[in-house]
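Notes to accompany the following structure.
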Amino acid sequence: MATSASQTLRTTPFLKTPSLSLSSRQSLSSAFSVALRPSRRFSKPLVVIVKASGSLDAKPTVLVAEKLGEAGLKLLKEFANVDCSYNLSPEELCTKISLCDAIIVRSGTKVSREVFESSAGRLKVVGRAGVGIDNVDLAAATEHGCLVVNAPTANTVAAAEHGIALLAAMARNVAQADASVKAGKWQRNKYVGVSLVGKTLAVMGFGKVGSEVARRAKGLGMHVISHDPYAPADRARAIGVELVSFDQAITTADFISLHMPLTPTTSKILNDDTFAKMKKGVRIVNVARGGVIDEDALVRALDAGIVAQAALDVFTKEPPPADNKLVLHENVTATPHLGASTMEAQEGVAIEIAEAVVGALRGELAATAVNAPMVPAEVLSELKPYVVLAEKLGRLAVQLVAGGSGVKTVKVTYASARAPDDLDTRLLRAMITKGIIEPISSVFVNLVNADFTAKQRVDVSLEGSILLCRQVDQPGMIGTVGSILGEENVNVSFMSVGRIAPRKQAVMAIGVDDQPSKQALKKIGEVSAIEEFVFLKL
Ligand SMILES: NC(=O)c1ccc[n+]([C@@H]2O[C@H](COP(=O)([O-])OP(=O)(O)OC[C@H]3O[C@@H](n4cnc5c(N)ncnc54)[C@H](O)[C@@H]3O)[C@@H](O)[C@H]2O)c1
Ligand SMILES: O=C(O)[C@H](O)COP(=O)(O)O
């Protein structure tokens, strides 16, 4: 592994177009550093992240696969051919997608790996007209260099209001009582409810919707606590909410309202074990995702009286089957995923997503990207000039080491008036990676998949098996271990050594094509400088 003589590529001060000059071109090793040292701001070029295929003046095609507000459609039509095709089967979607540059969906369409594969590289943007992106295979999107954008803010208030509506309706049996009156009954004693004032509400997930629910619940006189491992305590404190542990939240709450995304970690986060810990008679509201509750366990908890009532806007399978026990349960209030369904929210979401998709198709940096570096708008305008420069530096760097042992280390140095903590460099890093990878990779590389592709190429060197040793740095170590392996006819694919300082603690990774015998491993273990080692089959 080459670790010495790092080369710094410095940019010259520039006025209009980013440029760079090299301070020297002597022996470049496979480790080099890239310095971004611009001298003044300007607002010139934008990097093209995605580009619609077809001839230069051909309009891109946007497939709108679920109903979208008129204002959004109007915006889209000014820029693209818009194909509104609702209720497509998965097969129909896969057939259509190869003719589309972008697709816009809500929660009812699965944008699966098959969809990306069927697009044969044409699909460049997935627009999610809403928040939750659990219906989009993000890994597949990233691998295919397809940008995913969402509309994260326009339906927040609508979802929060629906959460509060369900909370109050559940507590006062509004839906059940309404059905009873419509059935000609007058059951005043049956539908005695519970009060909200003074009760403890646990808001699980203190993000945009959760915090709006909390704010409104405080207004109803509830004591609000919240569990969110990633929420800043001061934001909660500012609206009088205490952040607590998961267990504290579920064991002390009279009402639990769910507002976290569906992820592998949150999947079935409410289950038999967690229901068993709750206060008897707890009431649950879910306007997040059905999958965060183990629905069979909730039926059992309702039947056992642990959960007195539940109000559910979302289900694991939507629409739920006709015999779904939760929907039919008399203590459950159900709505058909209506959280975002207000006139105002749908119009807002449609505009938000149309602007994001058009911007992305134009090659602008997306502020609501889900699978690419997302940078706040004000930082974005500051970084724009350096985006192209960063990619060019990457391209240049990789060409300078061509013919050598390849790129092993890239060190990027940033110079900015901003404090280090205040400098979000992910975007520039991704562009440098793109510049480095694109000239040496046969796959299409863009901002979305640059990191993924780079990682893939690194991973290649981890095929086979590996010997990891921790030792004291001293001359002859590589030779000693190499000889032991050579005597055993074990072929070495790579060797890599790192150390904290000369003659101090070091680690050595040795890739091998064949498994060393027990005898060889014993001999390696007997080398006095080796403190410990492990043989790993990868
Ligand atoms: N029913 C609807 O129509 C509707 C409408 C809008 C949003 N939603 C859903 O509501 C959820 C939240 O939306 P949002 O806009 O508030 O998103 P958000 O990203 O602003 O908030 C989500 C919060 O959940 C937190 N979180 C993540 N993992 C957690 C965990 N294990 N435990 C507790 N908290 C965790 C995050 O830190 C974040 O603060 C999403 O799943 C979204 O799809 C549903
Ligand atoms: O995640 C969301 O934004 C909501 O669940 C809304 O979904 P919808 O767009 O299908 O109504």
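All values derive from a computational prediction rather than experimental measurement. Whatever order the structure lists ligands and atoms in, that order sets their numbers, starting from 1. Quick note: numbers below take in every heavy atom, side chains included, and nothing from hydrogens, waters or symmetry partners.
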Inset, instruction - Look only at interatomic distance and state if Asn155 has a nitrogen or oxygen under 3.5 Å from any nitrogen or oxygen of ligand 2. - result: yes
Inset, instruction - Please determine if Lys182 and Asp178 form a salt bridge, counting it only when a charged side-chain N lies under 4.0 Å from a carboxylate O. - result: yes
Legend entry - Residues Arg283, Asp254: salt bridge by 4.0 Å N-O rule: no
Inset, instruction - Quick one: look up the protein heavy atom nearest atom 6 (C) of ligand 2 and list residue, atom name and how far away it is. - result: Ala340 CB, 3.6 Å
Legend entry - Heavy atoms from other residues, nucleotides or ligands near CG of Asp234 exceed 12 (cutoff 6.0 Å): yes
Inset, instruction - Evaluate whether atom NZ of Lys279 has more than 12 neighbouring non-hydrogen atoms of other residues, nucleotides or ligands under 6.0 angstrom away. - result: yes
Inset, instruction - Check step by step if salt bridge (Lys or Arg N to Asp or Glu O under 4.0 Å) holds for Arg113 and Glu143. - result: CA-CA 10 Å; Arg113 179 170 288 277; Glu143 285 168 37; 3.1 Å; yes
Inset, instruction - Return the residue, atom name and 0.1 Å-rounded distance of the protein heavy atom closest to atom 5 (O) of ligand 2. - result: His337 NE2, 2.6 Å
Inset, instruction - Using a strict 4.0 Å cut-off to heavy atoms of Gly130, name the atoms of ligand 2 that fall inside it. - result: 3 (O)
Legend entry - Side chain, backbone, both or neither: Glu66 near ligand 2, heavy atoms under 4.0 Å: neither
Legend entry - Side chain, backbone, both or neither: Glu318 near ligand 2, heavy atoms under 4.0 Å: neither
Legend entry - Nearest neighbour in protein (non-hydrogen) for atom 11 (O) of ligand 2: Arg106 NH2, 2.8 Å
Inset, instruction - Please report which non-hydrogen protein atom sits nearest to atom 10 (O) of ligand 2, along with the residue it belongs to and the distance in Å to one decimal place. - result: Ser107 OG, 2.4 Å
Legend entry - Glu212 with Arg216: basic N within carboxylate O range, under 4.0 Å: yes
Legend entry - Geometric N/O contact Ala288 with ligand 2, under 3.5 angstrom: no
Inset, instruction - Would you mind checking which non-hydrogen protein atom is closest to atom 3 (O) of ligand 2, with the distance to 0.1 Å? - result: Val131 N, 2.6 Å
Any protein N or O within less than 3.5 Å of an N or O in ligand 1? List each pair with its distance, or say none.
{"from": "ligand 1", "atom 1": "1 (N)", "to": "Val287", "atom 2": "O", "distance (Å)": "2.9"}
{"from": "ligand 1", "atom 1": "1 (N)", "to": "Asp313", "atom 2": "OD2", "distance (Å)": "2.9"}
{"from": "ligand 1", "atom 1": "3 (O)", "to": "His337", "atom 2": "NE2", "distance (Å)": "3.4"}
{"from": "ligand 1", "atom 1": "3 (O)", "to": "Gly339", "atom 2": "N", "distance (Å)": "3.3"}
{"from": "ligand 1", "atom 1": "3 (O)", "to": "Ala340", "atom 2": "N", "distance (Å)": "3.1"}
{"from": "ligand 1", "atom 1": "16 (O)", "to": "Lys208", "atom 2": "N", "distance (Å)": "3.2"}
{"from": "ligand 1", "atom 1": "16 (O)", "to": "Val209", "atom 2": "N", "distance (Å)": "2.8"}
{"from": "ligand 1", "atom 1": "20 (O)", "to": "Lys208", "atom 2": "N", "distance (Å)": "2.9"}
{"from": "ligand 1", "atom 1": "20 (O)", "to": "Lys208", "atom 2": "NZ", "distance (Å)": "2.8"}
{"from": "ligand 1", "atom 1": "37 (O)", "to": "Asp228", "atom 2": "OD1", "distance (Å)": "2.8"}
{"from": "ligand 1", "atom 1": "37 (O)", "to": "Asp228", "atom 2": "OD2", "distance (Å)": "3.2"}
{"from": "ligand 1", "atom 1": "39 (O)", "to": "Gly207", "atom 2": "N", "distance (Å)": "3.4"}
{"from": "ligand 1", "atom 1": "39 (O)", "to": "Asp228", "atom 2": "OD2", "distance (Å)": "2.6"}
{"from": "ligand 1", "atom 1": "41 (O)", "to": "Met260", "atom 2": "O", "distance (Å)": "3.4"}
{"from": "ligand 1", "atom 1": "43 (O)", "to": "Gly132", "atom 2": "N", "distance (Å)": "3.3"}
{"from": "ligand 1", "atom 1": "43 (O)", "to": "Arg289", "atom 2": "NH1", "distance (Å)": "3.3"}
{"from": "ligand 1", "atom 1": "43 (O)", "to": "Arg289", "atom 2": "NH2", "distance (Å)": "3.3"}

Inset, instruction - Find the distance between CG (Leu312) and CD (Glu295) and round it off to the nearest 0.5 Å. - result: 7.5 Å
Inset, instruction - Would you please name every residue forming a side-chain contact (heavy atoms from CB on, under 4.5 Å) with Lys190, sequence neighbours left out? - result: Gln187, Glu330
Inset, instruction - State whether the side chain of Thr266 and the backbone N or O of Val292 hold a donor-acceptor pair below 3.5 Å, judged by distance alone. - result: no
Legend entry - Residue and atom name of the nearest protein heavy atom (relative to atom 7 (O) of ligand 2), distance in Å to one decimal: Arg128 NH2, 3.1 Å
Legend entry - Gly132 neighbourhood, listing ligand 2 atoms whose heavy-atom distance to it stays under 4.0 Å: 1 (O), 2 (C), 3 (O)
Legend entry - Heavy atoms from other residues, nucleotides or ligands near NZ of Lys218 exceed 12 (cutoff 6.0 Å): yes
Inset, instruction - Run the contact test for Gly339 against ligand 2 with a 4.0 Å cut-off on heavy atoms, strictly below, and give the result. - result: no
Inset, instruction - With the side chain counted from C-beta on, respond yes when Gln176 and Thr333 share a heavy-atom pair under 4.5 Å apart, and no when they do not. - result: yes
Legend entry - Glu70, CD atom: more than 12 neighbouring heavy atoms under 6.0 Å: no
Legend entry - Side-chain donor-acceptor contact under 3.5 Å, Asp83 with Ser85: yes
Inset, instruction - Run the numbers for me: atoms of ligand 2, each under 4.0 Å from some heavy atom of Ala129, listed by number. - result: 9 (O)
